[in-house]
Amino acid sequence: MTAPTLSTRFTEMVGVQYPIVQTGMGWVSGPSLTAATANAGGLGILASATMTYDELEFAIKKTKSLTDRPFGVNLRADATDAAERVDLLIREGVKVASFALAPKQELIAKLKDHGLVVVPSIGAAKHAVKVASWGADAVIVQGGEGGGHTGPVATTLLLPSVVDALGGAGNTSIPVIAAGGFFDGRGLVAALGYGADGVAMGTRFLLTSDSAVPDSVKQEYLERTLNDTVVSTKVDGMPHRVLRTQLVDALESGSRAKALVAAARNANEFKQMTGMRWTTMLRDGVSMRKSGERTWQQIIMAGNTPMLLKAGLVEGNTDAGVLASGQVVGMIDDLPSCADLMQSIMTQAHERLAALSALT
């Protein structure tokens, strides 16, 4: 590493050189990408939602064989085997447990008791305050520019609202990691200026040479502009930012009944692929329904997502699959290694910090 380190509360908390997180992207964030990020000085996160328990166990051991640096695992807090997966993380000495949906207070306490850093993703200031009161160590705040499931508020507004709710810039009760629209050193410095302790990036890490996404699919991303993503509710019933493709256009204009039939079919494929039982999937659905955040129709459609993403991101079938993407895709035109990307971001960040310092 040649770029100087940049210490924040978050880097000190998790033991990494740079305040940069590679998010846990389903079908994308496997051992090679996670370890490459860790070796480059950032925090890599394995995505476990698309893995069986056995696959997750193998992925953690594989990642540990590729790096001796801290990394994390993203978990589904509402999964029926969440407790078993938490025990696996504890047993394997994983450093960070991240969550797309906030875990229960008892689960946070158990992870913290065993030395793990707990980092939920949140989409509103009130949620940040809640998980902080439950004992979360940090939060990832994703603005509407982000890929995958996202909210309607831009990062430039959501981030300061969360920082303020947690105590204000320089005084937040827990570190805040900004996500949605970040890809270079300028963005990192901007996030730090808002009071964040680092940034998290998904699309930027997907578009690296260390990502296992097929080259043909990466090329599809590289050819896109800032206007080539759309937030669709037709993929799985929830707002989901994806690349505009023929399939997405068809889903947007097609009938809801046909979409539900296709969703049920794909849910069955996902069940067969992971070995899950219908009773397990039903229990997961009931859990989501009890949370009050999804209707039964949305839950059925949610079964669509893993297979559509797998077709696009793993099998390279962009005609039959969905490609999650942040708006930032229109700003990316290269496929560096994680090491080169990290050095580029940190070199630019230090240059911007020096330039800002000269203004005073």
Side-chain angles (χ1 to χ4, degrees), residues 8 10 19-25 98-102 119-132 136 138-172 174-207 221 224-244 248 252 293 322-333 345 348-349 352 356:
T8 69
F10 185 74
I20 298 175
V21 177
Q22 163 249 304
T23 59
M25 299 167 281
S98 73
F99 294 87
L101 297 174
V119 187
S121 293
I122 55 94
K126 63 180 180 180
H127 297 150
V129 173
K130 178 182 290 186
V131 296
V139 290
I140 294 177
V141 181
Q142 178 174 298
E145 302 95 321
H149 293 119
T150 195
V153 182
T155 304
T156 50
L157 298 175
L158 181 61
L159 177 57
S161 76
V162 170
V163 168
D164 289 347
L166 290 174
N171 193 40
T172 53
I174 58 175
V176 175
I177 306 302
F182 296 100
F183 67 101
D184 66 1
R186 295 172 297 180
L188 172 56
V189 172
L192 296 176
Y194 274 115
D197 284 86
V199 297
M201 305 184 299
T203 305
R204 177 64 277 194
F205 277 106
L206 184 155
L207 293 173
Y221 277 85
R224 297 312 183 101
T225 70
L226 289 170
N227 296 318
D228 282 339
T229 66
V230 62
V231 176
S232 174
T233 59
K234 300 297 181 64
V235 175
D236 63 2
M238 302 291 282
H240 199 127
R241 186 176 291 282
V242 296
L243 288 184
R244 292 182 181 274
V248 170
E252 285 291 297
E293 295 188 3
V322 167
L323 303 174
S325 176
Q327 281 185 302
V328 74
V329 67
M331 299 295 293
I332 300 173
D333 60 6
I345 291 173
Q348 187 181 44
R352 293 310 307 151
L356 291 171

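Keep in mind the model is a prediction, meaning the values are calculated, not measured.
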*Give a yes or no on whether the backbone of G180 and the side-chain of T155 come within a donor-acceptor separation of less than 3.5 Å.*
yes

*List in chain and number order the residues that pass salt bridge (charged side-chain N to carboxylate O under 4.0 Å, His left out) with R241, two or more places apart in sequence or in another chain; answer none if no residue qualifies.*
none

*Got a donor-acceptor contact below 3.5 angstrom from the T150 side chain to the G143 backbone?*
yes

*Determine which pairs satisfy salt bridge (Lys or Arg N to Asp or Glu O under 4.0 Å) with at least one residue from residues 149-172, sequence neighbours left out, and list them in order.*
none

_Considering all heavy atoms, the nearest P19-D197 contact_ = CB-O, 3.4 Å

*Got a sec, which residues hit salt bridge (charged side-chain N to carboxylate O under 4.0 Å, His left out) with R352, two or more places apart in sequence or on another chain?*
none

*CD1-CD distance between I177 and Q142, expressed to the nearest 0.5 angstrom*: 13.5 Å

*Could you tell me which non-hydrogen atom of G326 sits nearest to which non-hydrogen atom of T229, and how far apart they are?*
O-CG2, 3.7 Å

_Applying side chain to side chain contact (heavy atoms under 4.5 Å, CB included) to V230 and V242, what does each step give before you reach the verdict?_
CA-CA 6 Å; V230 62; V242 296; 4.1 Å; yes

*Return the set of residues passing side-chain hydrogen bond (donor to acceptor under 3.5 Å, both in side chains) with S325 (not counting sequence neighbours), or none when no residue passes.*
none

*Which distance, rounded to the nearest 0.5 Å, do you find between the CG of L158 and the CD of E145?*
9.0 Å

*Taking every non-hydrogen atom, the tightest pair across V21 and F205*: O-CE1, 3.8 Å

*asked:* Tell me the closest heavy-atom pair linking A132 and I174, and the distance in Å.
replied: CB-CD1, 3.8 Å

*Looking at CE of M331 and OG1 of T203, how far apart are the two atoms once the value is rounded to the nearest 0.5 Å?*
13.0 Å

*Answer whether the closest heavy-atom distance between the side chains of V131 and F99 falls below 4.5 Å.*
no

*Would you indicate whether the side-chain heavy atoms of V329 and D228 approach each other to under 4.5 Å?*
no

Name the atoms and distances for all side-chain donor-acceptor pairs under 3.5 Å in residues 186-194, with sequence neighbours left out.
from, atom 1, to, atom 2, distance (Å)
R186, NE, D184, OD2, 2.7
R186, NH2, D184, OD2, 2.7

*Taking C-beta and beyond as the side chain, do V328 and M201 meet within less than 4.5 Å on heavy atoms?*
no

*Can you name the closest pair of heavy atoms from A125 and S161 and give their distance?*
CB-O, 3.7 Å

_Distance in Å, R244 CZ paired with S232 OG, rounded so as to fall on 0.5 Å steps_ = 9.5 Å

*Rounded to the nearest 0.5 Å, how far does CD of Q327 lie from CZ of R224?*
13.5 Å

*Which pairs, with at least one residue in residues 123-132 and sequence neighbours excluded, count as a salt bridge (Lys or Arg N to Asp or Glu O under 4.0 Å)?*
none

*Between atom CD1 of I332 and atom CZ of F183, what is the distance when rounded to the nearest 0.5 Å?*
7.5 Å

*Of the non-hydrogen atoms in A196 and V163, which two are nearest, and what is the gap between them?*
N-CG2, 4.4 Å

